[in-house]
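Have a look at the structure below, then the notes.
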Amino acid sequence: MLNEPVINLLTEAISALIEINPDIEEAILNSIETPPSLEFGERSSNIAFKLAKPLRKSPVVIAEDVSDNINKILSIDGGISRTEATKGYINFFFDFSIVFDKIYSQITTEDENYGKNNSGNSRKIVIEHTSINPVKPIHIGNLRNSILGDIVARLYQWNGWEVEVHNLIDDFGRQVATLIWGLLEGLQLNVIRGSNEKYDVWLGRLYSYCNSILEENDSWNKVDKVIVDIRKNPVIYQFMRNISQACVESNLETAWRHGITYDYLVWESDISRSGIWEETLQLLEKSELFFWEEEGSNAGCFVANLGKLPEFQDKKNPFKIFVRSNGVPTYVAHDVALQMWKFGLVKASLKNRCLFKQINESKNTRDLWSSTDYKIPVLKSPMIGNADRICNVIGVEQAFLQDIVKYSLKLLGLEEQFQNSFHLSYKHVSAPAVRFSGRTGNWYEERAWADAVFEDTYNTAFTAISVKRPDLDQNITKKQEITTNVTIGAVRYWLARFSTETEIKFRIEDATSLEGDTGPFLMYAYVRALKILDKIDLSSVKEKFRIENKSISEQEKRLILEFFIFPEVIKSAASSFQPIQITKYAFDLASWFNKFYETSRVISADNLDIQGFRVNVVKAFLIVMHNVLQVLGIPIIDEM
RNA sequence: GGAUCCGUGGCUCAGCAUGGAUAGAGCGUCUGCCUUCGGAGCAGAAUGUCGUGGGUUCAAAUCCCUCCGGAUCCGCCA
């Protein structure tokens, strides 16, 4: 919206110097940027540098020519008051009295939809996240996964996609079998559950204990037997399923308190028995790139020949085993089948039931469905799967396997699905001494569970609020409500504000921080803005005011510019799967509001025209900030 | 051995995709702003060979190569 008049003017002015072709059009489009400082205007173009070679003139001269041409054809209607050539750059200066008018009417008209677009065109994306083994509580590393996935889900909704969030429960894996082995052996008698201990926390301790016993006696083969029993013995299966279900429900409590919700729980055992692997195998067998190996070390295995793809040519071993010689498919084969199922390429005969009504931080309810082993489905379920796009949120250590999943689709000639398979990969959360690994059990680092981080942050926030709001001592319910919301905001923001390629170093004082580049900083800016409108007598505020560009301060201009770019940030963050872009934006927006707050008095403004203008700036800010917080899943509160 | 990612003030991180104006934040330190539209804030100061060495370019934190340091992956494990 801000760029369009700039592009039009540039194109017209440049056409006087050189013939416009699509390449130049694109170069003009890409040349627009935000200058480092407002002394260089509000928008600038470095197109003169790009034209230096074809025109065989210096960028400085070109910039001056273009700028002169623009000033000849300039009319104020587009909001641009003048241009200036500086050191080869062409800088555009806006008249904010005009520009703000436009953005204000757009923001107030669209209100809580400001920033949304329909580029998804109702296509469907399935986002899988969390997906932890149901034997332990959620730790801070899992929480990073969940929050990244949750924000990406919100982003896709804002981009007009239908979103379905899956959480895969691996109840057929080695970890569950280990736990079940321990329970069948009666090891729970040695790990007594505390009276207030959360169920998944206790299971986690028990699971850890099981591992240590197996390690001591080097008796891992006992787990192999349980793996078979779980599959073959209905009584043991049901026992396992009940334990897993209880663990998942305990995990869900943790997720919900952090504002994370799901649409569908996919149970690995249901998936395994639904026939999707067999169906997938039939499809794979039709391709000559997947075959049953008859000789060599892989004899008797069903393998994929990845060496046909340039991406895998330098691999030492281009053959990836999908089915072992004993007939059991590998993990990656399951993942390929699962991916095919999510795309609707194979039809699983799954039965579903509605488990819970989830309530998120905006008090909206959302049904949580689950696959089930019940003989008869409880209710008719909504359409599951049939995705146009898939995003799997999985740690970077699984990048190779996710590549195999994706490229298997390519080998099958499923180019469309190949292009729409995304792996949102992120690095681990680490402590100075230990890396939290769910596998080995050393995740059991004190205070690194999601619930513990929540509690620690809660306590820090509670102390802070006790100091800042002594008046709330009389209203403990309100105080707890605010503390809870501040905690959710702090933890969410902290886990989302790092690039996914950065390994987060877990330090409790960073995680629980409430000042500076944090969630509460954003929430506080919003509260401050609300308080202005609360306090001012709106009936005396001028709705039609006259203001000149020169009486609009730099802080006001910067804040208004932030309003403009929000819709672009929503698009960019979704297409790059980088929630950090939203946290950065939210922080900038709040920062500029705070600077505005310090320098531009609203209630005691110099005159009623300026006051009317500033009231509208505050109103626009509230809408944009509200929407950013919504995308981040940070609670929107009116006092703190 | 092969592959991928990371290395930016004392600490924790943005920026790199698509090369452009004085390399940005937050924390910590120091100085100011409590006659507060709510100080979880604001203004200012100090702190940088953007790991090293080369290359490409009018221009490199950003692209290419070398080396150093760190992480991860390359199972008939899941």
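A note on names: the letters A, B, ... follow the listed sequences, proteins ahead of strands, and every chain is numbered from 1.
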Using a 4.0 Å heavy-atom cut-off across all strands, classify [X] as base, sugar-phosphate, or nothing.
X        : answer
A:Ser37  : base
A:Arg469 : base
A:Phe587 : sugar-phosphate
A:Lys584 : sugar-phosphate
A:Ile465 : base
A:Phe521 : sugar-phosphate
A:Ser44  : base
A:Asn91  : base
A:Ala299 : base
A:Glu509 : nothing
A:Ser297 : base
A:Lys535 : sugar-phosphate
A:Ser31  : nothing
A:Met523 : nothing

* Asked: Cationic tip of A:Arg43 within the cone over A:Phe92's six-membered ring, i.e. under 6.0 Å and within 45° of the normal?
  -> no

* Asked: Do A:Arg231's NZ or CZ and the ring of A:Phe172 fall within the cation-pi criteria of under 6.0 Å and 45°?
  -> yes

Ignoring the backbone of [X], work out which of [options] is nearest its side chain.
X        : options                : value
A:Leu401 : B:rA78, B:rG38, B:rA40 : B:rA78
A:Pro520 : B:rC13, B:rC73, B:rA40 : B:rA40
A:Tyr524 : B:rG39, B:rA21, B:rA14 : B:rG39
A:Asn594 : B:rA40, B:rG41, B:rC58 : B:rG41
A:Lys53  : B:rC58, B:rC13, B:rA40 : B:rC58
A:Glu33  : B:rA21, B:rC76, B:rG39 : B:rA21
A:Asp170 : B:rA78, B:rG38, B:rC13 : B:rA78
A:Asp510 : B:rG26, B:rU12, B:rC76 : B:rU12
A:Phe400 : B:rU22, B:rC73, B:rU12 : B:rC73

* To do: Evaluate the ring planes of A:Phe319 and A:Phe291, with Trp represented by its six-membered ring, and classify them as parallel (under 30°), tilted (30 to 60°) or perpendicular (over 60°).
  =>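 If you compare the ring of A:Phe319 with that of A:Phe291, the planes turn out perpendicular.
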
* Which word best sums up how the rings of A:Phe593 and A:Phe596 line up, parallel for under 30°, tilted for 30 to 60°, or perpendicular for over 60°? -> tilted

Measure from [atom1] on [X] to [atom2] on [N] and round the result to the nearest Å.
X        : N      : atom1 : atom2 : answer
A:Ile580 : B:rA14 : CD1   : P     : 5 Å
A:Ile504 : B:rU12 : CD1   : P     : 14 Å
A:Glu515 : B:rG28 : CD    : P     : 7 Å
A:Glu503 : B:rA71 : CD    : P     : 9 Å
A:Phe322 : B:rC76 : CZ    : C1'   : 13 Å
A:Leu51  : B:rC58 : CG    : C1'   : 14 Å
A:Asp224 : B:rC76 : CG    : P     : 16 Å
A:His334 : B:rC76 : NE2   : P     : 16 Å

Side-chain N,O ([X]) to OP1/OP2 ([N]) below 4.0 Å:
X        : N      : result
A:Arg497 : B:rU12 : no
A:Lys427 : B:rA71 : no
A:Lys531 : B:rU36 : no
A:Lys87  : B:rA21 : no
A:Tyr426 : B:rC5  : no

What interatomic distance, in whole Å, is found between [atom1] of [M] and the corresponding atom of [N]?
N      : M      : atom1 : value
B:rU12 : B:rG55 : C1'   : 33 Å
B:rG32 : B:rG39 : C1'   : 14 Å
B:rC30 : B:rC13 : C1'   : 23 Å
B:rG48 : B:rC5  : C1'   : 24 Å
B:rC16 : B:rA61 : P     : 14 Å
B:rU56 : B:rA60 : C1'   : 10 Å
B:rG44 : B:rC67 : P     : 46 Å

Quick one: does [X] reach the base of [N] with a side-chain donor-acceptor pair under 3.5 Å?
X        : N      : value
A:Thr502 : B:rC13 : no
A:Thr86  : B:rA21 : no
A:Asn46  : B:rA59 : no

* Which nucleotide, in any strand shown, forms a Watson-Crick or G-U wobble pair with B:rA43, with both distances under 3.5 Å? -> B:rU31

* Asked: Partner of B:rG24 by Watson-Crick or G-U wobble geometry, both contacts under 3.5 Å, or none?
  ->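 B:rC13 is the nucleotide pairing with B:rG24.
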
* Structure fact -> Nearest-nucleotide check on RNA chain B, A:Cys301 vs A:Val486; residue mapping nearer the 5' end is A:Val486

* Structure fact -> Heavy-atom nearest nucleotide on RNA chain B taken for A:Lys50 and for A:Ile482; more 5' hit belongs to A:Lys50

* Asked: Does the aromatic ring of A:Tyr331 sit over the six-membered base ring of B:rA78, closer than 5.5 Å centre to centre and tilted less than 30°?
  ->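 So A:Tyr331 counts as stacking on the base.
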
Any ion pair linking [Y] and [X] (charged N to carboxylate O, less than 4.0 Å)?
X        : Y        : answer
A:Lys478 : A:Glu639 : yes
A:Arg528 : A:Glu598 : yes
A:Arg507 : A:Asp510 : yes

* Run the salt bridge (charged side-chain N to carboxylate O under 4.0 Å, His left out) check on A:Asp588 and A:Lys584 step by step: do they pass? -> CA-CA 6 Å; A:Asp588 288 345; A:Lys584 287 293 287 178; 5.4 Å; no

* Near-ring test A:Phe290/A:Phe322, centroid separation under 6.0 angstrom -> yes

* Asked: Say you draw a straight line from OH of A:Tyr597 to CD1 of A:Ile532; how long is it, rounded to the nearest 0.5 Å?
  -> 5.5 Å

